[in-house]
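In what follows, a structure is listed as C-alpha cells, so that the remarks can point back to it.
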Amino acid sequence: MIFDHLKPQIKHIISEESKSVNDKLLAICALLEENIPHYNWVGFYFRNGDREELKLGPYVGAPTDHTIIPFGKGICGQVAVSNQNFVVPDVSAQDNYIACSITVKAEIVIPIFVNGENIGQIDIDSNITDPFTIEDERFLEFVCIQVASILT
Ligand code: SME
C-alpha cells in the first residue's frame, strides 16, 4: 500500500535537522505529488497572522493566483471555519469553490491542529473525478499530525 510506504518517508523528512520548516513542507508536497498518481497539486495554506484569511505556503503543482483566501471562501476557506475534513469528489458540483485550474476535477482539504487550534491545512487537487477514499483522509490526517509537530 503506497500510503504505508510513504509514512516512514514523511517521518524522515520531519526529522531532518538540516532542513527548515518550509523546506520540510515543500519536500512533503513533492513526495506526495510524485508518488500518488491522483495527487496533481499539493500545497499548504496557513492562517495569515491574526487575519481571518489563509495564506499559501509551500506547494508543488501549477502556480495559483489564490495566494490569499478569506475564511469561508472556497473549499479551503470553509475548512478554516468548519475544522473538518472536506472531500470534494466533483468540484463542478460545488457552489462555494475557487477554481485554480480547469484540469482539476476533485479536491481534498484536511485541517492542521496545533494545541487544538486550526492553524492551516493541506490542500490536494486531483485531475480525476472522485479519486479520494477514507484511506486518503486517514493518511493525510497522519501527515497533518506530523506537520503540526514541527509548528509548535
Ligand atoms: N480550490 C481551492 C482553492 C485553492 S486551489 O485549489 C490551489 C478552494 O476552493 O478553496
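Whatever order the structure lists ligands and atoms in, that order sets their numbers, starting from 1.
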Worksheet entry | Sequence neighbours excluded, every pair satisfying salt bridge (charged side-chain N to carboxylate O under 4.0 Å, His left out) that has a member inside residues 18-30 |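 Of all non-adjacent pairs touching residues 18-30, those that pass salt bridge (charged side-chain N to carboxylate O under 4.0 Å, His left out) are Glu16-Lys19.
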
Fill in: Polar contact flag, side-chain donor to acceptor under 3.5 angstrom, Asn35-Gln9
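No, no side-chain donor-acceptor pair sits under 3.5 Å.
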
Are [X] and [Y] packed together at the side-chain level, in the sense that at least one heavy-atom pair is separated by less than 4.5 angstrom?
X: Leu54; Y: Phe71; value: yes
X: Ile14; Y: Ser149; value: yes
X: Leu140; Y: Tyr39; value: yes

Margin query: Can you work out which protein residues put a heavy atom within less than 4.0 Å of ligand 1?
Written below: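 Residues Trp41, Tyr45, Ile69, Gly74, Ile75, Cys76, Tyr97, Ile98, Cys100, Glu107, Asp123, Asp125 each place a heavy atom under 4.0 Å from ligand 1, listed by chain and number.
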
Backbone N/O of Asn96 and side chain of Gln78: donor-acceptor pair under 3.5 Å =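 It does hold such a pair.
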
